[in-house]
Visitor: 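Dropping the structure in here first, questions after.
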2 protein chains.
Amino acid sequence: MPTNELRTRVLLAAADDPGKCAVRDVLDHLAGKWSTLVLLYLDDGPRRFGALRRGVPRISKRMLTQTLRELERDGFITRHAFPTKLPSVEYRLSPLGESFLVPLRALIVWVEKQHGQIRRARTRYDARAD
Amino acid sequence: MPTNELRTRVLLAAADDPGKCAVRDVLDHLAGKWSTLVLLYLDDGPRRFGALRRGVPRISKRMLTQTLRELERDGFITRHAFPTKLPSVEYRLSPLGESFLVPLRALIVWVEKQHGQIRRARTRYDARAD
DNA sequence: CAGGATCCAGAAAGATACTG
DNA sequence: CAGTATCTTTCTGGATCCTG
């Protein structure tokens, strides 16, 4: 699997149409402040809306709803509404979502490992720039 | 390496201070429209500013400059200015940047593989929602 | 409880013009 | 060539109020 080939496909896809570039397509919504945190949180098991609000710090109702909709739309999570007296809705990872967590977690591990180095690079850069 | 532990650290870090959450910290700037594309493009070797502009479709001078600065600041790339008559500046991946491409590329491979499934999930969702 | 609807301030990003 | 500066537009997300 030649690197160039991968890169070329990526860039050409981006050039043609943002909607057809797989990388941008998924990275964009992974980029949202919250998607990643919600996915990681759901990795511990199904959770209800309220539990997610409490579990993901500082997220607003609006953003949580929006994030959940996007993740559901893309097939990363599923939504189960129980028609109880007061509505109760449960979200859980789909197989697709679970499989996504594998490369995502690898990236996170890298980040955690290198974070110190990145922070030092920043300090150095900022010091040089006054 | 227990999953829970990783998740917990992530969430607590996010709760405390956005600037200290490693995941958000790096994901945020990976999320920018262009960082990923620039990094992948530079994986083929050092490139000059103009070459990057032509190579990364539709990027504006402003955004390219900004992206390069951030990547340089975080230590992912290095910048070499040659004091020729007309300025010439070359950018190249640092070892840190190269090592970052490993997990990043794994994520991209996943995305490319599953993109069809994601798109189908979207179509299905949109069809149901009318 | 789990949202939907609306308003609005601030950040992000495109277009354009200028410079060492 | 490789940027910087400025203006303008678009987008994002928080706050608030409402509902089945």
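We name chains A, B, ... by the order of the sequence lines, and we start the count at 1 in each one.
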Visitor: How many Å lie between CD on A:Gln66 and C1' on D:dG13, as a whole number?
Guide: 8 Å

Visitor: Quick one: A:Ile59 CD1 to C:dA2 P, roughly how many Å, whole number?
Guide: 14 Å

Visitor: Consider the side chain of B:Trp34, meaning its heavy atoms from C-beta on, and name the nucleotide among C:dG3, C:dC1, C:dG14 that approaches it most closely.
Guide: C:dG14

Visitor: Using OP1 and OP2 only, check whether a side-chain N or O of A:Ser60 sits under 4.0 Å from D:dG14.
Guide: yes

Visitor: Distances under 3.5 Å between protein N/O atoms and the N/O atoms of nucleotides 8-12 of chain D, please, pair by pair.
Guide:
none

Visitor: What's the shortest heavy-atom distance between B:Ile59 and B:Val56, and which atoms?
Guide: CG2-O, 3.2 Å

Visitor: Does a side-chain N or O of A:Arg58 approach OP1 or OP2 of D:dG14 to a distance below 4.0 Å, or not?
Guide: no

Visitor: If every non-hydrogen atom of B:Tyr125 is compared with every non-hydrogen atom of A:Arg69, which pair is closest and at what distance?
Guide: OH-CD, 3.4 Å

Visitor: Do B:Leu93 and B:Thr78 come close enough that some side-chain heavy atom pair is under 4.5 Å?
Guide: no

Visitor: Would you sort out whether A:Asp74 and B:Arg119 count as a salt bridge (Lys or Arg N to Asp or Glu O under 4.0 Å), showing the intermediate values?
Guide: CA-CA 7 Å; A:Asp74 284 4; B:Arg119 291 176 68 82; over 6 Å; no

Visitor: What integer distance in Å separates B:Leu64:CG from C:dG14:P?
Guide: 12 Å

Visitor: Just compare C:dC1, C:dG4, D:dA2 and give me whichever is closest to any side-chain atom of B:Arg79.
Guide: D:dA2

Visitor: Name the closest nucleotide to the A:Val89 side chain, picking from D:dA2, C:dG3, C:dA13.
Guide: C:dG3

Visitor: Just say parallel, tilted or perpendicular for the rings of A:Tyr91 and A:Phe49, cut-offs at 30° and 60°.
Guide: tilted

Visitor: Can you tell me if the side-chain N/O atoms of B:Arg47 get under 4.0 Å from OP1 or OP2 in D:dA2?
Guide: no

Visitor: Distances under 3.5 Å only, N/O to N/O: pair up the protein atoms with those of nucleotides 16-20 of chain D.
Guide:
none

Visitor: For A:Leu107 and B:Leu104, work out which heavy atoms get closest and say how close.
Guide: CD1-N, 3.8 Å

Visitor: Indicate the atoms forming the closest heavy-atom contact of B:Trp110 with A:Ser99, along with that distance.
Guide: NE1-OG, 2.8 Å

Visitor: Calculate the interatomic distance between A:Arg69 atom CZ and C:dG4 atom C1'; express it in whole Å.
Guide: 10 Å

Visitor: Please report the distance, rounded to the nearest Å, between CG in A:Leu68 and P in C:dG3.
Guide: 7 Å

Visitor: Starting at atom CZ of B:Phe49, determine the distance to atom C1' of D:dT4, rounded to an integer number of angstrom.
Guide: 11 Å

Visitor: So which atom in B:Leu64 and which in B:Leu52 form the shortest heavy-atom distance, rounded to 0.1 Å?
Guide: CD2-CB, 3.9 Å

Visitor: Is B:Tyr91 touching bases, backbone alone, or none of the nucleic acid, heavy atoms closer than 4.0 Å?
Guide: sugar-phosphate

Visitor: Taking atom P of C:dC1 as reference, at what distance in whole Å does atom NE2 of A:His80 sit?
Guide: 21 Å

Visitor: Could you state the interatomic distance from CZ (A:Arg48) to CD (A:Glu90), rounded to the nearest 0.5 Å?
Guide: 8.5 Å

